[in-house]
Novice: 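Have a look at the structure that comes next, please.
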Amino acid sequence: KQEVTQIPAALSVPEGENLVLNCSFTDSAIYNLQWFRQDPGKGLTSLLLIQSSQREQTSGRLNASLDKSSGRSTLYIAASQPGDSATYLCAHNAGNNRKLIWGLGTSLAVNP
Amino acid sequence: DAGVIQSPRHEVTEMGQEVTLRCKPISGHNSLFWYRQTMMRGLELLIYFNNNVPIDDSGMPEDRFSAKMPNASFSTLKIQPSEPRDSAVYFCASSLDKGYNEQFFGPGTRLTVL
């Protein structure tokens with residue numbers, strides 16, 4: 001069974017700290033991987049998409065990496081801000097299947 | 001572009017009533033996904049369409065749930081009859097099927113069945 005695991009489930013850090021969120025997956029036939037952000041009571045916002053042929057993607061203070069051989073992706077957030085507080089989810093699809101396999105998310109709190 | 005549009009945003013109904021959720025995907029996108037999110041189970045894919053055709057409905061929990069996509073710009077998810085355990089947030093997402101399959105989500109419909 002394909003699985004996606006996100007560790008830690010919850011994280012609390014002081015403002016300004018650099019942090020790393022982890023996502024591991026069991027499917028070696030990954031096609032691409034997406035990181036999403038979800039604010040409480042809101043929908044999901046796509047942050048970054050990494051294709052299987054890529055190693056990383058960057059957007060502003062966010063950097064996502066992908067290591068297919070180890071089945072891992074990380075989301076690095078630089079100089080965290082209280083506005084970064086949200087739940088971060090990773091998901092991937094396998095082969096050219098449009099269906100995403102989801103992790104349960106990491107709930108991040110950045111304290112001022 | 002307005003993004004994925006869902007209606008209603010909130011729905012409160014009584015057990016046994018029919019519920020219809022609506023979704024308008026991003027113009028030009030040809031894949032549409034219905035998800036359900038609960039605290040206990042996280043995000044679950046219910047069904048997805050490609051070019052208006054249902055491709056995978058293995059996540060639809062039971063016959064009380066049905067989904068249609070009569071055209072490229074509209075889809076419905078219907079629950080009949082509704083039960084309290086159907087209470088959840090239902091999301092619609094769409095993607096452009098050009099290899100990357102990046103999904104874009106609507107704001108969701110929060111359903112409460114009393």
Side-chain angles (χ1 to χ4, degrees), chain A residues 1-10 21 23-25 27 29-54 56-57 59 62 64 66 73 86-107, chain B residues 1-7 9-10 21 23-26 29-51 53-60 88-112:
Chain A
K1 178 185 174 185
Q2 300 170 347
E3 289 187 353
V4 176
T5 304
Q6 291 188 246
I7 295 172
L21 307 181
C23 172
S24 60
F25 48 90
D27 193 339
I30 183 173
Y31 189 69
N32 61 43
L33 185 141
Q34 270 185 271
W35 281 94
F36 293 86
R37 168 185 173 140
Q38 185 174 25
D39 293 278
K42 306 284 188 180
L44 282 75
T45 301
S46 179
L47 296 173
L48 290 164
L49 180 146
I50 311 176
Q51 299 170 54
S52 60
S53 59
Q54 297 175 324
E56 64 178 337
Q57 283 283 349
S59 176
L62 305 180
L66 176 64
S73 176
T87 296
Y88 292 81
L89 297 104
C90 72
H92 76 82
N93 54 5
N96 197 23
N97 192 333
R98 301 167 191 89
K99 186 173 178 177
L100 286 174
I101 311 299
W102 292 85
L104 292 179
T106 294
S107 177
Chain B
D1 196 324
V4 176
I5 299 172
Q6 291 187 247
S7 65
R9 294 294 309 278
H10 301 274
L21 311 181
C23 175
K24 176 179 168 55
I26 292 173
H29 282 191
N30 56 357
S31 287
L32 183 141
F33 307 80
W34 282 102
Y35 290 92
R36 176 171 68 177
Q37 186 178 42
T38 62
M39 290 290 291
M40 294 297 294
R41 300 169 69 102
L43 262 173
E44 301 174 278
L45 177 66
L46 301 177
I47 185 172
Y48 82 88
F49 296 82
N50 182 250
N51 294 323
V53 176
I55 303 299
D56 185 342
D57 65 354
S58 59
M60 296 287 262
V89 181
Y90 291 81
F91 289 105
C92 175
S94 70
S95 69
L96 177 59
D97 196 20
K98 288 189 83 172
Y100 301 156
N101 298 325
E102 185 173 5
Q103 292 189 20
F104 296 87
F105 280 70
T109 295
R110 182 173 295 276
L111 174 65
T112 302

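Residue numbers start from 1 in every chain, and the chains themselves are labelled A, B, ... in the order their sequence lines are given, proteins ahead of strands.
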Novice: Fit a plane to each ring of B:His29 and B:Phe104, take the angle between them on a 0 to 90° scale, and name the class: parallel (under 30°), tilted (30 to 60°) or perpendicular (over 60°).
Specialist: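 Tilted: the ring planes of B:His29 and B:Phe104 meet at 30° to 60°.
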
Novice: With sequence neighbours excluded, tell me which residues meet ring pair (Phe, Tyr, Trp, His ring centres under 6.0 Å) with B:Phe91.
Specialist: none

Novice: Check each atom of B:Arg41 against the heavy atoms of chain A and say whether the ones under 4.5 Å are side chain, backbone, both or neither.
Specialist: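 It is the backbone, since no side chain atom gets that close.
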
Novice: At a heavy-atom separation under 4.5 Å, does B:Gln103 approach chain A through its side chain, its backbone, both, or neither?
Specialist: both

Novice: Where does B:Ser31 contact chain A at under 4.5 Å (heavy atoms): side chain, backbone, both or neither?
Specialist: side chain

Novice: Let me know which of A:Tyr88, A:Phe36, A:Trp35 forms a ring pair (Phe, Tyr, Trp, His ring centres under 6.0 Å) with A:Trp102.
Specialist: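 So the option named by the test is A:Phe36.
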
Novice: Once you round to the nearest 0.5 Å, how far does CG of A:Leu62 lie from CG of A:Leu47?
Specialist: 6.0 Å

Novice: Measuring heavy-atom distances to chain A, does B:Ser58 have an atom under 4.5 Å in its side chain, in its backbone, in both, or in neither?
Specialist: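 The answer is the side chain of B:Ser58.
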
Novice: By side-chain hydrogen bond (donor to acceptor under 3.5 Å, both in side chains), which residues pair with A:Ser52, not counting sequence neighbours?
Specialist: none

Novice: Which bit of A:Leu44 comes within less than 4.5 Å of chain B, counting heavy atoms only: side chain, backbone, both or neither?
Specialist: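 Both parts, backbone and side chain.
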
